Amino acid sequence: HLPSSTSRLMLTTRSELDAEKANSATLKSDKEKLEQALQQQQQSDDVVEISDDGTAEEVIDDIPSSPGICLTMKEATLLGVISAFLVVHPFGATQECIASYVENIVSDSKVADIEKLFQKTPHLFSS
């Protein structure tokens, strides 16, 4: 017969093992749900949303297809910085003002890079 403190220790350990098994099963289930949702999304051009229970639900089924635009990592960074700047300038700003701000934030940016981005994404920026 074991002393009561040893029994408590063993019960705690068994409880922890049971909790760990439950967590492992939950993680495995979540992983399977995410993999299933990813497969559904790859098989379809529709936009899907992953709900809290892990199921994939179609959100919009009539999005017009477009070729999109390819951005380099630098262009994506510039776009993010410019967007953040414009959030606090809701009435817009001049290209010179934007370029000045971006040059202070992104050390290797040049005015030419910013102008090229404006030309590449005319649907985002209007002058």
Side-chain angles (χ1 to χ4, degrees):
H1 187 264
L2 298 172
S4 63
S5 63
T6 306
S7 297
R8 244 184 282 140
L9 180 61
M10 291 177 71
L11 289 174
T12 302
T13 304
R14 170 143 332 260
S15 174
E16 289 173 352
L17 287 173
D18 290 342
E20 188 174 319
K21 286 180 184 177
N23 286 339
S24 177
T26 301
L27 288 174
K28 185 177 180 182
S29 174
D30 289 347
K31 180 182 177 188
E32 290 171 356
K33 289 176 183 177
L34 288 172
E35 287 173 348
Q36 180 185 13
L38 180 61
Q39 286 176 347
Q40 284 178 326
Q41 186 175 13
Q42 289 173 341
Q43 293 172 355
S44 171
D45 288 336
D46 297 336
V47 175
V48 295
E49 180 178 87
I50 309 302
S51 64
D52 289 338
D53 65 357
T55 58
E57 297 177 5
E58 190 174 311
V59 177
I60 301 172
D61 61 357
D62 60 350
I63 295 176
S65 60
S66 64
I69 185 169
C70 293
L71 297 173
T72 66
M73 190 61 137
K74 184 175 184 175
E75 289 171 331
T77 300
L78 293 175
L79 184 61
V81 172
I82 292 168
S83 297
F85 176 81
L86 291 173
V87 164
V88 295
H89 294 85
F91 300 110
T94 64
Q95 287 187 2
E96 294 80 17
C97 185
I98 294 171
S100 175
Y101 174 79
V102 172
E103 286 178 316
N104 287 323
I105 301 295
V106 183
S107 60
D108 65 337
S109 66
K110 298 176 183 154
V111 174
D113 297 331
I114 298 163
E115 289 175 354
K116 180 180 172 188
L117 182 61
F118 287 147
Q119 292 170 356
K120 189 173 185 177
T121 56
H123 55 286
L124 295 177
F125 305 104
S126 62
S127 47

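Here the structure is a predicted model, which is why all the values come from computation and not from measurement.
Sorted by first and then second residue, the pairs that involve residues 96-119 and meet side chain to side chain donor-acceptor pair (under 3.5 Å), not counting sequence neighbours, are Lys74-Asp113. For residues 77-93, there are no side chain to side chain donor-acceptor pair (under 3.5 Å) pairs, not counting sequence neighbours.
Both Leu71 and Ile105 are assigned to one and the same hydrophobic cluster, defined by single-linkage of ILVMFWY side chains at heavy-atom distances under 4.5 Å.
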Before you tell me yes or no, could you show the steps for Ile98 and Leu86 under side-chain contact (heavy atoms from CB on, under 4.5 Å), namely the whole-Å CA-CA distance, both residues' side-chain angles and the distance that decides it to 0.1 Å? CA-CA 8 Å; Ile98 294 171; Leu86 291 173; 4.0 Å; yes
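Checked against Leu117 for a side-chain contact (heavy atoms from CB on, under 4.5 Å), the options Val102, Leu124, Thr72, Ile82 give a single hit: Ile82.
The two residues Ile114 and Ala99 come nearest to each other via the heavy atoms CD1-CA, 3.7 Å.
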